[in-house]
Asker: 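Mind having a look at this structure? Questions to follow.
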Amino acid sequence: MAIPEPADNSNAATMSSARLTLYFSRNLNPRVAVAAARFLDAPVDYVPASPRHPAHEAAFRAINPNGLVPVLVEDGRSLWEADAIALRLSRLTGSWFWPGDGREAEIQMWVSWSNLHLTRPGSSFYFHRLVRPQFSDEEPDADFMADEMSQFRQGAAVLDEYLAGREWLVDDTLTYADFRAATLFPFAAAAGLPVADFPNIVRWHDQLNQLDAWRDPFRGLSEHPDQIKPLQGAPA
């Protein structure tokens, strides 16, 4: 199967005279933003950040008052949230990755749905198995985690059924909807999420992993020395 390439954006740097800086970490939402930027070959400077570290928190709130990454700074103006960043970079690069035509609403549907019904419950396993052990020994409530697993399985079943007979989520063309719905899956095995139970998701995510930008978005990028990142052994 041929993997589509982003639209030609060889003149992307001239589409905006502003300097673009993407502040990121190696966690769930920043990973999506970096993957989108690299897939689009967007003309951004990548800056690793650790905004919750006590030494950096106050200064970083001038960039994002939420004290979180990712943040795209364009000519001194901050844009936070991975989805907003992906949309802005798609527009700047003239890509079909998040098109402004009739597919836009359907892409937004999958972005909203996956954030609420798939990534949110699944992220509890990402956090408690890959992040929290680095600074706390307190285990989560078992009933809470069981409910989160139930919700994740429900969402994964919806996605798996929809993908039956389809290569991609929207118009059978790779779009940002695919990146966003796949947020958790690079970490699924290490987080203990039962993705193997959903063969259409496995096939679809294998397709995404043919893209360098998705499989290894941080290649060649530096790390912030103070950042808490997923435990070693989890896919980057």
Asker: Would you indicate whether the side-chain heavy atoms of Leu72 and Leu89 approach each other to under 4.5 Å?
Answerer: yes
Asker: Within this structure, what is the CG-CZ distance for the pair Asp83 and Arg88, rounded to the nearest 0.5 Å?
Answerer: 16.0 Å
Asker: For a side-chain contact (heavy atoms from CB on, under 4.5 Å) check, start with the C-alpha distance between Ser78 and Ile63, then their side-chain angles and the critical distance, and finish with the verdict.
Answerer: CA-CA 6 Å; Ser78 294; Ile63 300 172; 3.8 Å; yes
Asker: Can you tell me how far the OG1 atom of Thr173 sits from the CG atom of Asp171, to the nearest 0.5 Å?
Answerer: 4.5 Å
Asker: Is any side-chain heavy atom of Phe24 closer than 4.5 Å to a side-chain heavy atom of Phe218?
Answerer: yes
Asker: Look at the side chain of Asp216 and the backbone N and O of Asp212, then say whether any donor-acceptor pair between them is shorter than 3.5 Å.
Answerer: no
Asker: Are Glu104 and Arg91 close enough for a salt bridge, meaning some N to O gap below 4.0 Å?
Answerer: yes
Asker: If you measure from CD on Glu138 to NE2 on His128, what distance do you get to the nearest 0.5 Å?
Answerer: 8.5 Å
Asker: Let me confirm one number: the CZ-CZ distance from Arg38 to Arg219, rounded to the nearest 0.5 Å.
Answerer: 8.5 Å
Asker: So Pro194 and Met149, do their side chains get closer than 4.5 Å, heavy atoms only?
Answerer: yes
Asker: What are the two closest non-hydrogen atoms of Ala82 and Asn29, and how far apart are they?
Answerer: CB-O, 3.6 Å
Asker: Does the side-chain contact (heavy atoms from CB on, under 4.5 Å) test come out yes or no for Leu159 and Leu118, once each step is laid out?
Answerer: CA-CA 9 Å; Leu159 179 61; Leu118 197 65; 3.8 Å; yes
Asker: For Phe187 together with Phe125, are the ring centres under 6.0 Å from each other?
Answerer: no
Asker: Group every Ile, Leu, Val, Met, Phe, Trp and Tyr by side-chain heavy-atom contacts under 4.5 Å, then state whether Val71 and Leu87 land in the same group.
Answerer: no
Asker: Does Glu139 come within less than 4.0 Å of Arg132, counting only side-chain N to carboxylate O?
Answerer: yes
Asker: Is there side-chain contact between Arg215 and Pro186, with at least one heavy-atom pair below 4.5 Å?
Answerer: no
Asker: Holding to ring-ring contact (aromatic ring centres under 6.0 Å, His included), I want the full list of residues that pass it with Trp80, two or more places apart in sequence or in another chain.
Answerer: none
Asker: I want to check something: taking the side chain as every heavy atom from C-beta on, are Leu92 and Leu40 in contact at a cut-off of under 4.5 Å?
Answerer: no
Asker: Is the closest side-chain heavy-atom distance between Ile107 and Leu169 below 4.5 Å?
Answerer: no
Asker: Nearest 0.5 Å please: distance from the CD1 atom of Ile201 over to the CG atom of Leu208.
Answerer: 11.5 Å
Asker: Kindly indicate whether the side chain of Val158, heavy atoms from C-beta on, has any atom under 4.5 Å from the side chain of Trp113.
Answerer: yes
Asker: Hey, any chance Trp96 and Met109 share a hydrophobic cluster, counting ILVMFWY side chains that come within less than 4.5 Å of each other, even indirectly?
Answerer: yes
Asker: On a heavy-atom basis, which atom in Leu193 and which in Gly122 lie closest, and how many Å separate them?
Answerer: CD1-O, 4.1 Å
Asker: Dump the intermediate steps for side-chain contact (heavy atoms from CB on, under 4.5 Å) on Ser124 and Phe152, then the final yes or no.
Answerer: CA-CA 10 Å; Ser124 293; Phe152 173 79; over 6 Å; no
Asker: For Val34 versus Pro217, what's the shortest heavy-atom pair and its separation?
Answerer: CG1-O, 3.5 Å
Asker: Can Asp75 and Arg19 be counted as an ion pair, charged N to O under 4.0 angstrom?
Answerer: no
Asker: Is Leu79 linked to Val73 within one hydrophobic cluster, defined over Ile, Leu, Val, Met, Phe, Trp and Tyr using a side-chain heavy-atom separation of less than 4.5 Å?
Answerer: no
Asker: Considering non-hydrogen atoms only, spot the tightest contact between Pro199 and Asp160 and give its length.
Answerer: N-OD1, 3.4 Å
Asker: Would you check if the side chain of Ser136 reaches a backbone N or O of Pro133 as a donor-acceptor pair within less than 3.5 Å?
Answerer: no
Asker: Between Val69 and Ser25, what is the shortest heavy-atom contact and its length?
Answerer: CG2-OG, 3.5 Å
Asker: Can you classify the ring geometry of Tyr176 versus Phe179 as parallel (below 30°), tilted (30 to 60°) or perpendicular (above 60°)?
Answerer: tilted
Asker: So Asp45 and Leu22, do their side chains get closer than 4.5 Å, heavy atoms only?
Answerer: no
Asker: Would you please say whether a donor-acceptor pair under 3.5 Å links the side chains of Asn115 and Arg180?
Answerer: yes
Asker: Under 3.5 Å, is there a donor-acceptor pair between the side chain of Asn66 and the main chain of Leu68?
Answerer: no
Asker: Return the OH to OG1 distance between Tyr126 and Thr183, rounded to the nearest 0.5 Å.
Answerer: 11.0 Å
Asker: So if you build clusters from Ile, Leu, Val, Met, Phe, Trp, Tyr with side-chain heavy-atom gaps below 4.5 Å, do Tyr46 and Leu20 land together?
Answerer: yes
Asker: Is Glu106 reaching over with its side chain to a backbone N or O of Gly102, donor-acceptor style, under 3.5 angstrom?
Answerer: no
Asker: Trp214 ring centre to Arg31 NZ or CZ under 6.0 Å, with the angle to the axis within 45°?
Answerer: yes
Asker: Looking at Tyr162, does the NZ or CZ of Arg166 lie under 6.0 angstrom from its six-membered ring centre and within 45 degrees of the ring axis?
Answerer: yes
Asker: Dump the intermediate steps for side-chain contact (heavy atoms from CB on, under 4.5 Å) on Ile85 and Val32, then the final yes or no.
Answerer: CA-CA 10 Å; Ile85 291 167; Val32 174; over 6 Å; no
Asker: Considering all heavy atoms of both residues, which atom of Trp204 and which atom of Glu167 are nearest to each other, and what is their separation?
Answerer: CD1-O, 3.4 Å
Asker: Tell me whether Phe144 shares a hydrophobic cluster with Phe127, the cluster being built from Ile, Leu, Val, Met, Phe, Trp, Tyr side chains joined at under 4.5 Å.
Answerer: yes
Asker: Look at Asp206 together with Arg203 and state whether they make a salt bridge at an N to O cut-off of under 4.0 Å.
Answerer: no
Asker: Could you tell me whether Glu148 atom CD has more than 12 heavy atoms of other residues or ligands within 6.0 Å of it?
Answerer: yes
